[in-house]
Each structure stands twice: as C-alpha cells, then as structure tokens.
Peer 1: 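One structure coming up, written as structure tokens, with questions to follow.
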Amino acid sequence: MRINIGVETYPGGRSIATVLDHPACFANGADGSEAVIRIPDALLRYKEWIDSHTPDSWMKDLGDFDIHLEETFDVNFVNESFDLAADGIEINAWYRHDWKPLTAEDIRRGSLVLEWSRADLLELVASLTPLQMAQEFEGERWSIGGVLRHVANAEHWYLDRLSKAPCPRKDLPEDPFERLDFVRKHLKQVLPSFVGLNDVKGIEGEIWSPRKVLRRSIWHEIDHIEHIFKLIARL
C-alpha cells in the first residue's frame with residue numbers, strides 16, 4: 001500500500017509528518033527526516049486505534065506499505081503587509097492534497113475519528129479536580145483547562161476561515177467543557193455540507209479549504225491529548 005505523507009517544518013526545526021489520507025496519523029520530529037522515520041510506527045498505532053473502535057476498520061487491509069513523501073512546507077510568519085517576518089501571523093501548511101473536495105467517505109471517517117478522539121480527551125481529564133484543571137505549569141502557556149479552551153477556540157477559528165463559525169468567539173461558553181461541546185456540535189452539523197464542496201479561500205496570508213479544516217481539527221485535538229497527558233504527569 002502506498003502511504004503519501006506531507007511534512008511541515010516550523011521555525012526552529014520542529015517538524016510534523018502527516019499521512020495525507022489519514023490526518024489522525026502523524027509523527028513529530030526534531031526535523032523532517034526524524035518525523036518521516038517515525039511514520040511507520042505512528043501508522044501501526046493508528047491502525048490499532050481504528051481497529052479497536054470499529055469492526056468495519058478502514059485500516060484492516062494495511063498490510064505492507066511504502067512511505068512516499070509527497071509534499072513539504074516551511075511554516076513561516078508574515079506581517080500586516082504579508083511580507084515574511086520574524087513574528088506575526090503564522091502561516092501553516094497548505095498541501096496540494098488540501099485542494100481535493102471531501103467525499104462522503106472522508107466525512108464519515110473524519111466524523112468517527114473526531115468522536116473517538118473527543119472521547120479520549122474527556123476520559124483523560126475526567127478525574128481531575130477544578131484545582132488540578134487550573135494549575136499552571138512552568139514553561140507552559142496554559143493550564144489543562146486552558147488547553148481545553150484552546151482546542152475549542154482553534155476549532156472555532158478553523159470554521160471561521162470558511163465563514164462557518166457558529167458565533168463570534170466572545171459569545172462562546174466560558175466553561176471549557178461547554179465550549180468544547182458547543183463548537184464540536186456545530187462542526188459535526190457543518191461537515192456534511194462540505195461533501196464535494198470546492199471552496200478554497202485565502203485569509204490573512206493562509207489558504208484554507210474544507211479538507212484543511214477537517215485535517216487541522218483532527219490533528220489539533222489529538223496533538224493536545226498528548227500535551228495534556230504530559231501535563232497530568234507533572235501534577
């Protein structure tokens with residue numbers, strides 16, 4: 001099986017390799033080469049995760065696979081004039097693959113992955129006390145509760161890129177769990193309308209499409225599940 005991946009590299013060298021047809025499968029590395037090397041293990045763990053959730057796994061025929069690096073992207077910053085800058089608006093990866101309109105099967109699988117990752121996230125924090133949720137950590141931008149709000153805010157922002165946000169951010173629920181639920185319910189309502197939609201927009205120097213919105217929403221939550229897991233280990 002051919003596995004096509006894209007690699008985005010952030011300033012300072014951190015890289016993320018993503019399986020383009022399976023955005024919940026990705027690997028981090030200190031550089032692009034390290035991220036690519038970690039993809040086979042990530043793919044096997046992803047298969048195990050999917051298989052554990054459904055008897056109708058779309059990964060059951062994985063078998064032998066070949067990794068193909070299809071695209072690379074250097075994350076950068078632009079200023080208000082959209083010139084490259086040391087700091088400013090962060091421009092994240094846009095892959096040719098993101099141009100492809102989503103199919104009904106893409107939406108079905110993506111919706112299931114979002115359902116399962118949200119269950120994993122809520123299970124992870126279920127036993128935390130309000131004090132633990134609010135605890136701040138040296139070297140970290142957010143508390144665990146703050147990370148939850150950030151996940152919801154980012155999902156709201158992705159939807160806003162295609163003018164699909166449910167409301168202005170200021171009107172989102174204050175409670176992090178209510179905010180997560182509110183935005184996710186709206187995303188699930190919107191996703192079916194993305195089937196076959198060729199809606200590509202450039203906003204603030206970055207290109208967006210329905211496929212990219214789904215890709216980023218899936219990746220972002222799963223990435224922060226690992227982040228929260230590390231924070232809990234520090235409690």
Side-chain angles (χ1 to χ4, degrees), residues 5-19 22-53 59 73-75 77 87 90 92-93 110 112-158 172-184 187 214-235:
I5 66 172
V7 173
E8 54 185 320
T9 297
Y10 288 74
R14 181 177 71 91
S15 295
I16 303 170
T18 302
V19 178
H22 304 283
C25 180
F26 59 90
N28 298 309
D31 55 28
S33 296
E34 183 176 326
V36 170
I37 288 171
R38 291 180 174 176
I39 279 291
D41 182 61
L43 194 60
L44 294 174
R45 286 186 284 107
Y46 171 70
K47 179 184 185 304
E48 182 180 359
W49 186 65
I50 298 299
D51 290 351
S52 71
H53 282 90
M59 299 300 293
F73 186 95
D74 289 331
V75 175
F77 296 92
D87 196 6
E90 185 175 283
N92 290 286
L112 287 172
V113 165
L114 287 168
E115 177 184 329
W116 300 332
S117 66
R118 179 53 54 85
D120 287 349
L121 175 63
L122 296 179
E123 181 180 5
L124 183 61
V125 300
S127 64
L128 298 181
T129 66
L131 187 62
Q132 290 172 323
M133 290 284 292
Q135 180 174 322
E136 296 185 356
F137 302 89
E138 183 178 356
E140 292 287 341
R141 183 176 179 182
W142 299 296
S143 64
I144 293 173
V147 174
L148 297 183
R149 288 174 59 88
H150 169 66
V151 170
N153 289 345
E155 205 163 281
H156 177 276
W157 189 75
Y158 300 150
L172 291 175
E174 283 298 318
D175 179 81
F177 293 101
E178 292 179 6
R179 183 174 294 215
L180 282 169
D181 185 60
F182 180 82
V183 178
R184 177 56 57 84
L187 175 60
L214 180 59
R215 172 172 69 81
R216 293 286 297 184
S217 297
I218 290 172
W219 164 80
H220 191 252
E221 178 162 79
I222 293 175
D223 187 56
H224 278 295
I225 288 173
E226 180 64 24
H227 181 197
I228 291 173
F229 182 82
K230 292 177 180 178
L231 292 180
I232 290 175
R234 295 174 60 181
L235 289 173

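Because the structure is predicted, anything quoted here is derived from the model rather than measured.
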Peer 1: With side chains defined as the heavy atoms from C-beta onward, is the minimum distance between Trp116 and Ile50 less than 4.5 Å?
Peer 2: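 Side-chain contact under 4.5 Å: yes.
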Peer 1: Any non-hydrogen side-chain atom of Trp142 less than 4.5 Å from a side-chain atom of Leu148?
Peer 2: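 Side-chain contact under 4.5 Å: no.
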Peer 1: Minimum heavy-atom separation for Pro176 and Arg149, please, with both atom names.
Peer 2: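 The pair with the smallest heavy-atom distance is CB-CG, 3.6 Å.
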Peer 1: Does some side-chain heavy atom of Tyr46 sit less than 4.5 Å from a side-chain heavy atom of Val19?
Peer 2: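 Result no, sub-4.5 Å side-chain heavy-atom pair not found.
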Peer 1: Using the side chain to side chain contact (heavy atoms under 4.5 Å, CB included) rule, take His22 and Met59 through it: C-alpha gap first, then chi angles, then the decisive distance, then the call.
Peer 2: CA-CA 10 Å; His22 304 283; Met59 299 300 293; 3.6 Å; yes
Peer 1: Could you walk me through whether Trp49 and Asp120 pass the side chain to side chain contact (heavy atoms under 4.5 Å, CB included) check?
Peer 2: CA-CA 11 Å; Trp49 186 65; Asp120 287 349; 3.0 Å; yes
Peer 1: Which pair of heavy atoms, one from Ala24 and one from Val113, lies closest together, and at what distance?
Peer 2: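 The pair with the smallest heavy-atom distance is CB-CG1, 3.7 Å.
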Peer 1: Is a donor on one side and an acceptor on the other found under 3.5 Å between the side chain of Arg141 and the backbone of Gly146?
Peer 2: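 Such a contact is absent between Arg141 side chain and Gly146 backbone.
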Peer 1: Roughly how far, to the nearest 0.5 Å, is CG of Asp74 from OH of Tyr10?
Peer 2: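 Taking OH in Tyr10 and CG in Asp74, the distance rounds to 11.5 Å.
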Peer 1: Show me the donor-acceptor pairs within less than 3.5 Å that the side chains of residues 224-235 make with the rest of the protein, sequence neighbours left out.
Peer 2:
residue : atom : partner : partner atom : Å
His224  : ND1  : His227  : ND1          : 3.1
His224  : NE2  : His150  : NE2          : 3.4
His224  : NE2  : His220  : NE2          : 3.3
His227  : NE2  : Glu140  : OE1          : 2.9
Arg234  : NH2  : Glu138  : O            : 3.0

Peer 1: Does Ser143 use its side chain to pair, donor to acceptor, with the backbone of Met133 at less than 3.5 Å?
Peer 2: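 Checked: pair present.
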Peer 1: Check this for me, if you would: do Glu155 and Arg216 make a salt bridge, where the nitrogen-to-carboxylate-oxygen distance has to be below 4.0 angstrom?
Peer 2: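 No, no charged N to carboxylate O under 4.0 Å.
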Peer 1: Partners of Asp223 by side chain to side chain donor-acceptor pair (under 3.5 Å), sequence neighbours excluded?
Peer 2: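 If we apply the side chain to side chain donor-acceptor pair (under 3.5 Å) test to Asp223, skipping adjacent residues, there are no hits.
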Peer 1: Can you measure from CD1 (Ile218) to SG (Cys25) and round to the nearest 0.5 angstrom?
Peer 2: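 That separation rounds to 11.5 Å.
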Peer 1: Write down the atom of Thr18, the atom of Pro23, and the distance for their closest heavy-atom approach.
Peer 2: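 Smallest heavy-atom distance, with atoms named: CG2-CA, 4.0 Å.
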Peer 1: Tell me the closest heavy-atom pair linking Glu90 and Val75, and the distance in Å.
Peer 2: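 Scanning both residues, the minimum pair turns out to be CG-CG1, 3.7 Å.
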Peer 1: For the pair Arg38 (side chain) and Asn28 (backbone), establish whether a donor and an acceptor sit closer than 3.5 Å, ignoring hydrogens and angles.
Peer 2: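 Yes, because the side chain of Arg38 sits within donor-acceptor range (under 3.5 Å) of the backbone of Asn28.
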Peer 1: Got Ile144 and Gln135 here, is their nearest side-chain heavy-atom distance under 4.5 Å?
Peer 2: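 No, too far: nothing below the 4.5 Å cut-off.
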Peer 1: List the atom of Ile5, the atom of Ala17, and the distance in Å for their closest heavy-atom pair.
Peer 2: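 Smallest heavy-atom distance, with atoms named: CD1-CB, 4.5 Å.
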Peer 1: Rounded to the nearest 0.5 Å, how far does OG of Ser217 lie from NE2 of His156?
Peer 2: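 Those atoms lie 12.0 Å apart.
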Peer 1: Which pair of non-hydrogen atoms, one from Arg179 and one from Asn153, has the smallest distance, and what is that distance?
Peer 2: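 In this case the closest contact between Arg179 and Asn153 is NH1-OD1, 2.7 Å.
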Peer 1: Between Leu114 and Leu214, is the side chain to side chain contact (heavy atoms under 4.5 Å, CB included) condition met? List the steps.
Peer 2: CA-CA 9 Å; Leu114 287 168; Leu214 180 59; 4.0 Å; yes
Peer 1: Are Leu187 and Tyr158 close enough, and set up right, to give a side chain to side chain contact (heavy atoms under 4.5 Å, CB included), and what steps lead you there?
Peer 2: CA-CA 10 Å; Leu187 175 60; Tyr158 300 150; over 6 Å; no
